[in-house]
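One structure is given below, encoded as structure tokens.
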Amino acid sequence: MDGDSELGGFLRSRRARLSPHEAGALPGGGVRRVPGLRREEVAHLAGVSTDYYTRLEQGRHPHVSESVLSAVARALRLDGVERDHLFELARPRRDVQGPGGRSGGVQRVRPEVHRMLEVFNGVTPALVVNHRKDVLAANRLARALIADFEALPYRERNLARHVLLEPDARELYEDWEEVAQEVVANLRLSAGRHPDDRLLNELVGEFMAKVPEFGGWWDRHRVGQCSYGPQRFRHPVVGPLTLQHETLALPADEGQTVCVYTADPGSESERTLGLLASWSMADGAADQARDHG
């Protein structure tokens, strides 16, 4: 992906969503031909010249200062995630390539993290993903809830791929479109942080070609961390349940996060999750018996 066009697209999308009244700018005279703020209005609010801001939006200002970026972020009313994304796009870092690097190397999950997932087993679905949403590890309950990632070819063990490409996912997630847009927003954020990630760029290209809704969602330039919130499921075995999704970063393992799903204590979903745990244990025991047989 072209970093300059990404920066310009992001800035245009952010100023298009703001009215002059919301931004605190005086509306200019004449007919407004663009939604939201004009370039000159953003420049005025940020305290820079219109020519300077225009060159920034067109990717023709490679050495923009931190103070200017901060001023533009304030003018466009960016939240913390969007502000960080702006800085990533304006000052792209080069990813480490090759074995063990962020872009192409095989990532390993530490034994201690595997043990943590097993501790959660029978109580809480939990899995580990990287910035591309590759599923690096998942406990039995997570595989029973979402998909048996370990049974898939290595390239297909990806949570975003499951949500966007698998027909079953549209049935599993009660609010599939909302979940899918959150996944796209998270991929947008990752693309800004890892512009040289070949595998991530290929994944985005595949979604462009195969998911009819993806192009429109991607062009909105929405960014998000998918950090927490409720998710409603329609599980084919145990039925409907609502779980709280929480993402926990692993500081010692760059780019890796643990995703856990919990039910409210005493809720019907907690009882349903218990049924799912019992079913997954029975199903796992049956698989072991077949393997021994």
Side-chain angles (χ1 to χ4, degrees), residues 107-152 154 156-163 166 168-176 178-180 182-183 186 224-292:
Q107 290 184 286
R108 305 294 184 187
V109 176
R110 288 182 290 114
E112 296 83 358
V113 178
H114 277 290
R115 286 198 293 271
M116 179 177 66
L117 296 184
E118 290 306 309
V119 169
F120 288 154
N121 233 349
V123 180
T124 297
L127 49 86
V128 179
V129 300
N130 63 10
H131 68 278
R132 287 188 296 267
K133 293 295 185 181
D134 294 328
V135 178
L136 308 179
N139 66 7
R140 183 180 63 247
L141 195 48
R143 298 195 299 271
L145 173 67
I146 302 173
D148 189 358
F149 293 104
E150 292 186 359
L152 298 174
Y154 185 80
E156 298 178 14
R157 299 177 188 179
N158 182 279
L159 190 58
R161 179 185 293 276
H162 169 74
V163 170
E166 288 299 320
D168 290 348
R170 294 181 182 245
E171 299 299 322
L172 176 64
Y173 294 98
E174 186 81 36
D175 307 299
W176 176 83
E178 180 181 330
V179 172
E182 287 178 356
V183 167
N186 190 243
Q225 293 181 319
C226 295
S227 52
Y228 66 93
Q231 286 190 358
R232 299 192 299 163
F233 296 88
R234 291 187 300 239
H235 195 272
V237 175
V238 298
L241 67 165
T242 299
L243 302 177
Q244 296 295 322
H245 167 260
E246 195 79 29
T247 300
L248 310 173
L250 296 174
D253 306 292
E254 185 177 359
Q256 294 187 18
T257 56
V258 180
C259 303
V260 296
Y261 300 83
T262 60
D264 290 339
S267 65
E268 186 63 32
S269 292
E270 184 182 48
R271 289 186 285 272
T272 304
L273 188 58
L275 289 176
L276 182 63
S278 299
W279 174 78
S280 67
M281 291 179 65
D283 194 50
D287 288 341
Q288 286 185 340
R290 282 195 297 270
D291 290 342
H292 286 303

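In this text, all values refer to a predicted model and were calculated from it rather than measured experimentally. When reading the values below, keep in mind they use all heavy atoms of this one structure, side chains included, and skip hydrogens, waters and symmetry mates.
Atoms NE2 and OH, from H162 and Y173 in turn, are 4.5 Å apart once rounded to the nearest 0.5 Å. To the nearest 0.5 angstrom, E182 atom CD is 9.0 Å from D175 atom CG. Taken to the nearest 0.5 Å, the OG1 atom of T242 stands 9.0 Å off from the CZ atom of F233. Here the OG-CG distance, from S227 to L248, works out to 10.5 Å after rounding to the nearest 0.5 Å. Taken to the nearest 0.5 Å, the OG1 atom of T124 stands 9.0 Å off from the CG atom of L243. Here CD of E254 is found 8.5 Å from CD of Q107. Values are rounded to the nearest 0.5 Å.
Shown here for V129 and C259, the closest heavy-atom pair between the two residues is CG2-SG, 4.0 Å. Considering every non-hydrogen atom in both R132 and N158, the closest pair reads O-ND2, 2.8 Å. For the residue pair M281 and R140, the shortest heavy atom distance occurs at CG-NH2, 3.1 Å. The two residues V258 and V128 have their closest heavy-atom pair at CG2-CG2, 4.1 Å. Between H114 and V109, the shortest heavy-atom distance links the atoms CD2-O, 3.4 Å. Residues V260 and A126 share a closest heavy-atom pair of CG1-CB, 3.8 Å.
Formation of a donor-acceptor pair under 3.5 Å by the R143 side chain with backbone atoms of A138 is found in this model. In terms of modelled atom types and a separation under 3.5 Å, the side chain of E156 and the main chain of R161 share no donor-acceptor contact. In terms of modelled atom types and a separation under 3.5 Å, the side chain of N186 and the main chain of G224 share a donor-acceptor contact.
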Intermediate values then yes/no, side-chain contact (heavy atoms from CB on, under 4.5 Å), L127 and I146: CA-CA 10 Å; L127 49 86; I146 302 173; 3.9 Å; yes
Trace of the side-chain contact (heavy atoms from CB on, under 4.5 Å) decision for Q225 with T247: CA-CA 9 Å; Q225 293 181 319; T247 300; over 6 Å; no
Test log, rule side-chain contact (heavy atoms from CB on, under 4.5 Å), inputs L241 and H235: CA-CA 8 Å; L241 67 165; H235 195 272; 4.2 Å; yes
Derivation of the side-chain contact (heavy atoms from CB on, under 4.5 Å) call for F149 and L152: CA-CA 5 Å; F149 293 104; L152 298 174; 4.1 Å; yes
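Here the side chains of S280 and N121 are not in contact, with every heavy-atom distance at 4.5 Å or above. Taking 4.5 Å as the limit, every side-chain heavy atom of V237 sits out of range of all side-chain heavy atoms of L276.
With sequence neighbours left out, R157 forms a side chain to side chain donor-acceptor pair (under 3.5 Å) with no residue at all.
Ion pairing between a basic and an acidic side chain is recognised when a charged N comes within 4.0 Å of a carboxylate O; R271 and E268 show such pairing.
Between H245 and Y261, the ring planes lie tilted relative to each other; the angle falls in the 30° to 60° range.
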